[in-house]
Amino acid sequence: MKPRLRFAPSPSGYLHIGGARTALFNWLWARSQGGVFVLRVEDTDQERSSLDSVRAILDAFRWLGIDWDEGPEVGGPHAPYFQSERKAIYREHTERMISSGHAYRCYCTKEELDRQREELKARNPKAQFVYPGTCRNRTDQPDLPHVVRFKSPREGSTDFNDKVFGPITTPNSAQQDFVLVRTDGYPLYNLAATIDDHLMDISLVVRGRDHIGNTPQQVLIYRALGWEAPEFAHLPMMLSPKGEKLSKRHAAVSVDEYKERGYPPAAVLNYIVRFGWSSGDQEIFGLDELVKLFSWDHVNKSDGKFDEKKFADVAFEHLKRPELTSLPTYAKNVQPFLAQRGITSTDPDLLLAAIPGVRERARTYRDAASDLDFYFREPPEVDPKAREKLLSKEAAARMVELASALEGTKPWDAATLEAKARTWCEAQGVAIKDVAQPARVALTGRSASPPLFEVMAVLGEPRSLDRLRRAPALVPG
RNA sequence: GGCCCCAUCGUCUAGCGGUUAGGACAUCGGCCUCUCACGCCGGUAACGCGGGUUCGAUUCCCGCUGGGGUCGCCA
């Protein structure tokens, strides 16, 4: 049996990094097993849901490289995939539960209940309010606003076997008659998710550990409806560096933010998959590799804390390795960041030639764009501090001589240029260092850059000589 | 507070009864060097505590402690 997995975001904002991780585990298992990955939009809360959020979330998935077989835009045999369009389905099954005595209409108003809650709190601040069951055995059906509640068993326990955590038992005494359908007729999460997971034939529900507590409620609903529950796999949580629930107070939690920082998408996936999953000592994985290696055997149970530094390092690692970020991919992805700097038309050959020297020092695509900047401006922007410190009048004059010495070098490559420059320095009686640094300022406008002769090789002869010869014009004062 | 869950370096983790407890990030030294990096070499650093079980516990069991989640007409 090919597994059917799903991720069910509620479109009330951006794609959260924790949500991305949950989706990833679902996706990985579906892909590794030749199963199906479904995206379902849980937009039953009309107040908070928006189409903009749907779009933002889908875009984030596209950027990450997580595709879906059924869901928004692609449709599928279990459509519709927006819960707001499935109200009739929920109503039908709710009626069925009411008829069979598993659920009942409750006419207590929110105000009444809130008042009771307050009263209890006043009497005993530590006590937990539970719905007193006022309407539990009510037999009339007045035509008044009402919610629908589940008639929870009071005795016994509800168990399920979690793929990660093992058997979990919850006493039914901890359960109350939870609400299934709101006054406005919209189903609540537990009802809608249960019905959809069944109707969409989901075989394994993978979600965050924060959902472990409503799994028993869902199991109860499956039983009430006469259905067999799917398997469940709960994932340990990603917590803030302080160990609290991860929110934007502690870190960047929107996937978009990492895109804007210039992290490669595969690195984002790589970092978040390592929360709760490992494969021996390996730290860096490409997406294809992840699909091959993923298994539930190595998913662990303990929560993890988010670490920006490690994350940044994973991003860097992906950028450094050509087997993870190919040259064309690198060029394509750095382009938008160059554009942000006003560099909109780049000579593709120059870009491809320049990347190898930059990729081992740029930690993000954004940094890479900054490092690449000087290749595409004539003249390059000059850092005043670098000029001040490294470009004396004498040094600049020497640049002009250096240009002449290097003119006509064949082949114009880093090794030949370096050999020639070193010989020249020796003849002039100057240290290579005292030539290289001023030359760097003349060629790149900066005090730090890829190795000088590589820069010259990439830049080509005419541009390199031009820049060297313009050095005297850069001398401060 | 009730219920559920978790517990190896600061952080992510490997370990599935016998290991000098391994790797990665971070951190601290050093090397390389035309700058900045990359890279390389090395250091500091962990099995929460107490009972069992066992010839032997980081590993299995119990308790404690600590941490987290959840208790909505949110999802």
Side-chain angles (χ1 to χ4, degrees), chain A residues 8-10 12 42-45 47-49 106 108-110 113-114 117 124-130 145-149 162 165-166 168-171 173-176 178-190 192-193 207-216 234 236-237 239 241 243-245 271 274-284 297-298 300-314 316-317 320 357-363 371 386 390 418 421-422 425 431-441 444 446-453:
Chain A
S10 71
S12 55
E42 308 222 322
D43 57 348
T44 53
D45 188 338
E47 303 276 300
R48 303 189 214 188
S49 301
C106 169
C108 301
T109 64
K110 185 152 195 315
L113 260 19
D114 285 345
R117 217 184 301 266
N124 181 359
K126 274 187 268 184
Q128 173 62 39
F129 178 77
V130 293
H146 62 271
V147 299
V148 177
R149 285 182 186 272
D162 192 273
F165 286 93
I168 292 178
T169 298
T170 308
S173 55
Q175 234 42 275
Q176 60 173 314
F178 53 92
V179 176
L180 296 169
V181 182
R182 313 204 291 196
T183 308
D184 66 7
Y186 272 88
L188 251 18
Y189 168 71
N190 278 134
R207 58 191 6 171
R209 200 199 83 210
D210 47 338
H211 283 283
I212 229 165
N214 51 41
T215 306
H234 289 88
M237 300 190 69
L239 301 173
E244 303 162 308
K245 198 163 183 173
Y271 180 64
R274 290 284 290 99
F275 271 88
W277 177 82
S278 61
S279 180
D281 283 343
Q282 189 171 347
E283 296 283 346
I284 303 300
D297 303 344
H298 294 279
N300 62 217
K301 306 183 237 211
S302 46
D303 297 337
K305 294 177 189 158
F306 196 78
D307 181 3
E308 294 265 19
K309 284 196 169 144
K310 177 92 178 187
F311 196 170
D313 181 71
V314 172
F316 188 24
E317 213 56 55
K320 266 188 304 201
V358 157
R359 77 182 319 161
E360 67 191 30
R361 59 206 88 221
R363 308 186 72 86
D371 290 355
L390 300 167
E418 175 159 10
R422 283 185 187 275
C425 282
I432 183 79
K433 189 178 172 177
D434 297 324
V435 170
Q437 284 299 74
R440 190 182 316 283
V441 179
T444 73
R446 307 185 178 189
S447 56
S449 79
L452 196 64
F453 302 103

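Every chain is numbered from 1 and lettered A, B, ... according to where its sequence line falls, protein lines coming before strand lines.
No donor-acceptor contact under 3.5 angstrom links the side chains of A/R182 and A/T44, judged on distance only.
Each of B/rC6, B/rC34, B/rC73 was ranked by its minimum atom distance to the side chain of A/K301; first place goes to B/rC6. Closest to the side chain of A/R440, out of B/rG39, B/rC3, B/rC34, is B/rC34. Considering only the side chain of A/Q437, B/rC34 comes nearest among B/rC34, B/rC73, B/rC71. When the nucleotides B/rC38, B/rC4, B/rU35 are ranked by their closest atom to the side chain of A/T170, B/rC4 comes out on top.
Per the geometry, CZ belonging to A/R48 stands 14 Å off P belonging to B/rG72, to the nearest Å. Atom OH of A/Y271 and atom P of B/rC12 are 8 Å apart (whole Å). Atom CD of A/Q175 and atom P of B/rG72 are 11 Å apart (whole Å). Atom pair A/R446:CZ and B/rU35:C1' shows a separation of 13 Å (rounding to whole Å applied). A/N300 places its CG atom 13 Å from the C1' atom of B/rC5, with the value rounded to the nearest Å. The distance from atom CG of A/D162 to atom C1' of B/rC6 is 13 Å, rounded to the nearest whole Å. Between the CZ atom of A/F453 and the P atom of B/rU33 there is a distance of 15 Å, given to the nearest Å.
On the P atoms, B/rU27 is 16 Å away from B/rU11, given to the nearest whole Å. Using C1' as the reference atom, B/rA14 and B/rC25 are 15 Å apart when rounded to the nearest Å. Taking atom P on both B/rC55 and B/rG68, the two are 40 Å apart, rounded to the nearest angstrom. When the C1' atom is used for both B/rC40 and B/rG52, the distance is 49 Å, rounded to whole Å. When the C1' atom is compared between B/rU58 and B/rG22, the two are found 13 Å apart, to the nearest whole Å. Taking the C1' atom of each, B/rU13 and B/rA7 are spaced 14 Å apart, rounded to whole Å. Across B/rG67 and B/rC74, the matching P atoms stand 32 Å from one another, rounded to whole Å. Of the P atoms belonging to B/rG10 and B/rC5, the separation is 28 Å, rounded to the nearest Å.
Within the 4.5 Å cutoff, side-chain heavy atoms of A/K310 are placed close to those of A/E283. The shortest side-chain heavy-atom distance between A/L390 and A/S447 falls under the 4.5 Å cut-off. Between A/T215 and A/R207 the shortest side-chain heavy-atom distance falls below 4.5 Å. A/K301 has its side chain out of reach of A/R209: every pair of non-hydrogen atoms, C-beta onward, lies at least 4.5 Å apart. A heavy-atom distance below 4.5 Å is not found between the side chains of A/Y186 and A/D45.
With a cut-off of 3.5 Å on both Watson-Crick or G-U wobble distances, the partner of B/rU19 is given as none. The partner of B/rC3 is B/rG69, by the rule that a Watson-Crick or G-U pair needs both atom distances under 3.5 Å. The partner of B/rA26 cannot be assigned: no Watson-Crick or G-U wobble pair with both contacts below 3.5 Å exists in any strand. B/rC49: Watson-Crick or G-U partner is B/rG63, with both key distances under 3.5 Å. Across all strands shown, B/rU44 forms no Watson-Crick or G-U wobble pair with both distances under 3.5 Å. Base pairing of B/rU35: no nucleotide in any strand meets the Watson-Crick or G-U wobble criterion (both distances under 3.5 Å).
Residue-level contact check: A/L188 touches the backbone only, with heavy atoms under 4.0 Å from sugar-phosphate atoms and none from bases. A/C108 comes within contact range of at least one nucleobase, with a heavy-atom separation under 4.0 Å. Within 4.0 Å of A/G208, counting heavy atoms only, lies no atom of the nucleic acid at all. At the heavy-atom level, A/S447 lies under 4.0 Å from base atoms of the strands shown. Across all strands shown, A/K305 has heavy atoms under 4.0 Å from sugar-phosphate atoms exclusively, and none from any base. Across all strands, A/P451 comes closer than 4.0 Å to base atoms (heavy-atom distances). Here A/F275 lies in heavy-atom contact (under 4.0 Å) with sugar-phosphate atoms only. Residue A/P450 is classed as a base contact, given a heavy-atom separation below 4.0 Å to a base. Within the 4.0 angstrom heavy-atom criterion, no nucleotide atom of any strand lies near A/S49. Counting any heavy atom pair closer than 4.0 Å across all strands shown, A/T44 reaches sugar-phosphate atoms only and no base atom. Looking at heavy-atom distances under 4.0 Å, A/V147 makes contact with a base.
In terms of modelled atom types and a separation under 3.5 Å, the side chain of A/Q176 and the main chain of A/F178 share no donor-acceptor contact. Looking only at distances, no side-chain donor or acceptor of A/S10 sits under 3.5 Å from a matching main-chain atom of A/S12. Side chain of A/D162 to main chain of A/H234: a donor-acceptor pair is present (N/O by atom type, distance under 3.5 Å, no hydrogens or angles). Side chain of A/Y271 to main chain of A/D307: a donor-acceptor pair is present (N/O by atom type, distance under 3.5 Å, no hydrogens or angles). The backbone N or O of A/W277 lies less than 3.5 Å from a partner atom in the side chain of A/R274, making a donor-acceptor pair.
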Please list, for nucleotides 66-69 of chain B, all pairs of protein and nucleotide N/O atoms separated by less than 3.5 Å.
{"residue": "B/rG68", "atom": "O2'", "partner": "A/R209", "partner atom": "NH2", "Å": "3.1"}
{"residue": "B/rG68", "atom": "O2'", "partner": "A/D303", "partner atom": "OD2", "Å": "3.3"}
{"residue": "B/rG68", "atom": "N2", "partner": "A/R209", "partner atom": "NH2", "Å": "3.4"}
{"residue": "B/rG68", "atom": "N3", "partner": "A/R209", "partner atom": "NH2", "Å": "3.1"}
{"residue": "B/rG69", "atom": "OP1", "partner": "A/K245", "partner atom": "N", "Å": "3.4"}
{"residue": "B/rG69", "atom": "O4'", "partner": "A/R209", "partner atom": "NH2", "Å": "2.6"}

Listing time: all N or O pairs from protein to nucleotides 20-23 of chain B that are below 3.5 Å?
{"residue": "B/rG22", "atom": "N2", "partner": "A/D281", "partner atom": "OD1", "Å": "2.9"}
{"residue": "B/rG23", "atom": "N2", "partner": "A/E283", "partner atom": "OE2", "Å": "2.4"}

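Geometrically, A/K309 does not engage A/F311 in a cation-pi contact, judged by NZ or CZ lying under 6.0 Å from the ring centre and within 45° of the ring axis.
Taking side-chain N and O atoms only, A/N214 has no distance below 4.0 Å to OP1 or OP2 of B/rC74. For the OP1/OP2 pair of B/rA37 and a distance below 4.0 Å, the side-chain nitrogens and oxygens of A/R359 include no atom meeting the criterion. Not one side-chain nitrogen or oxygen of A/Q128 sits closer than 4.0 Å to the OP1 or OP2 atom of B/rU70. For A/R422, a side-chain nitrogen or oxygen approaches OP1 or OP2 of B/rC34 to under 4.0 Å.
Here the CG-CZ distance, from A/D371 to A/R361, works out to 8.0 Å after rounding to the nearest 0.5 Å.
A/S449 contributes no side-chain N or O that forms a donor-acceptor pair with the base of B/rC36 under 3.5 Å. Between the side chain of A/R361 and the base of B/rC38, no donor-acceptor pair of N or O atoms lies under 3.5 Å.
If you find the closest nucleotide of RNA chain B to A/S10 and to A/S279, the one lying nearer the 5' end belongs to A/S279. Each of A/S278 and A/F311 was assigned the nucleotide of RNA chain B with the nearest heavy atom; the assignment lying further toward the 5' end belongs to A/S278.
When the side-chain contact (heavy atoms from CB on, under 4.5 Å) test is applied to A/V179, the partners found at least two apart in sequence or on another chain are A/V147, A/R149, A/L188.
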